[in-house]
Amino acid sequence: MKTLKDAKIGSTVRVVKLHGEGALRRRIMDMGITRHTEIYIRKAAPLGDPIEVQVRGYELSLRKADAEMVEVE
């Protein structure tokens, strides 16, 4: 299982499944990260957390703990 946290900078991935429950899962979905959505990994902070991604035409910063809940291919 590959997660958004493991994706390489500069690559484009597609969301397969969202893990997590309740409010945390809902928050990720409210950010536009849903099944079959393409996500471009733009860059990471100097210490690796957070990562900046482009999803549905806007840029978003995600903590690695949240990115680990997004399964991608």
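Sequence positions, counted from 1, serve as the residue numbers for this chain.
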Name every donor-acceptor pair, under 3.5 Å, that has one atom in a side chain of residues 40-51 and the other anywhere in the protein, sequence neighbours excluded.
{"from": "Arg42", "atom 1": "NE", "to": "Glu52", "atom 2": "OE2", "distance (Å)": "2.8"}
{"from": "Arg42", "atom 1": "NH1", "to": "Glu59", "atom 2": "OE2", "distance (Å)": "3.4"}
{"from": "Asp49", "atom 1": "OD1", "to": "Lys64", "atom 2": "N", "distance (Å)": "2.8"}

Which donor-acceptor pairs under 3.5 Å do the side chains of residues 10-19 make with protein atoms, sequence neighbours left out?
{"from": "Ser11", "atom 1": "OG", "to": "Lys8", "atom 2": "O", "distance (Å)": "2.6"}
{"from": "Arg14", "atom 1": "NH1", "to": "His36", "atom 2": "O", "distance (Å)": "3.2"}
{"from": "Arg14", "atom 1": "NH2", "to": "Glu38", "atom 2": "OE2", "distance (Å)": "2.8"}
{"from": "His19", "atom 1": "NE2", "to": "Glu71", "atom 2": "OE1", "distance (Å)": "2.9"}

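When every heavy atom of Leu24 is checked against every heavy atom of Met69, the shortest pair comes out as CD2-CE, 2.9 Å.
Residues that satisfy the side chain to side chain donor-acceptor pair (under 3.5 Å) test with Thr34, not counting sequence neighbours, are Thr37, Arg56. Residues passing the side chain to side chain donor-acceptor pair (under 3.5 Å) test with Arg27, sequence neighbours excluded: Asp66.
Side-chain contact between Leu62 and Val70: absent, with no pair of heavy atoms (C-beta onward) separated by less than 4.5 Å.
When the shell of 6.0 Å around CZ of Arg25 is examined, it contains more than 12 heavy atoms from other residues, nucleotides or ligands.
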